[in-house]
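These notes concern the structure reproduced below.
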Amino acid sequence: MRILIVEDEYKTAAYLAKGLTESGYVTDVVHNGTDGEHQAQTQDYDLILLDVNLPGKDGWAVLESLRQSKPTPVLFLTARGGVEDRVKGLELGADDYLIKPFAFSELLARVRSILRRGGVRQAEVLRVSDLEVDLHKRRVMRGDNRLDLTAKEFGLLSLLMRKSGEVLSRTFIAEQVWDMNFDSDTNVVDVAVRRLRAKIDDPYANKLVHNVRGVGYVLEARP
Ligand code: CA
């Protein structure tokens with residue numbers, strides 16, 4: 001599940017990306033309407049979180065242009081509470097709207113509801129070999145053992161599981177799980193992966209997380 005976040009307030013955008021990543025989604029973030037439109041047109045997302053007041057193009061203009069070519073579900077994030085604004089958003093083809101400030105739990109509920117409605121079924125349980133991640137219950141099992149992960153470890157594992165079989169670079173992992181660009185210090189990723197492995201791999205014979213020298217990590221079952 002890929003979600004595009006178009007939000008010009010950096011803190012809000014980072015907070016949304018972090019929360020969604022920890023809930024098992026893959027996110028991209030842009031901070032103005034022009035980039036938002038470009039990303040939405042050129043990439044395939046399962047959902048777009050779209051702020052209304054944006055530099056460049058506002059959220060309405062982005063939605064209007066998007067709707068001429070793509071049916072990607074859109075959840076408007078708006079500070080405007082006026083009925084007319086909400087009606088305008090829905091008439092333009094938004095799937096739902098949320099008025100700021102909102103609780104993250106409410107956002108997550110709306111996101112899930114839109115994804116369900118759209119028939120885009122989120123795989124709620126990810127499985128690779130005998131490792132199982134239940135995104136809804138936030139439960140991780142390896143065989144019959146229930147594993148206790150921190151929020152970051154859970155976000156990291158969900159990302160590796162969703163992208164199982166794909167080699168993920170440290171930079172990509174850093175961006176997705178920490179919402180930071182730290183090419184300079186991807187050591188943080190190595191440390192986090194080591195901690196994760198200590199829980200999900202070390203006690204078991206069949207290792208699932210593999211180091212790809214010079215690139216990053218991949219999670220897959222190997223014979
Ligand atoms: Ca804004």
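Fair warning: this is a prediction, and the values are worked out from it, not measured in the lab. Read the numbers this way: they start at 1 and go in the same order the structure lists the ligands and their atoms. Note: hydrogens, waters and symmetry copies are ignored here, and every other heavy atom, side chains too, is used.
Around the Ca ion (ligand 1), protein N, O or S atoms at less than 3.0 Å number 3.
Residues forming a salt bridge (charged side-chain N to carboxylate O under 4.0 Å, His left out) with R138 (at least two apart in sequence, or on another chain): none. For the salt bridge (charged side-chain N to carboxylate O under 4.0 Å, His left out) test, residues two or more places apart in sequence or in another chain that qualify with D130 are R142.
When the shell of 6.0 Å around CZ of R197 is examined, it contains more than 12 heavy atoms from other residues, nucleotides or ligands.
Applying the salt bridge (Lys or Arg N to Asp or Glu O under 4.0 Å) test to residues at least two apart or on different chains, none of the pairs has a partner in residues 202-214.
By the 30° and 60° cut-offs, the orientation of the rings of W60 relative to F76 is perpendicular.
The minimum heavy-atom distance linking E166 with V218 is given by the pair O-CG2, 3.4 Å.
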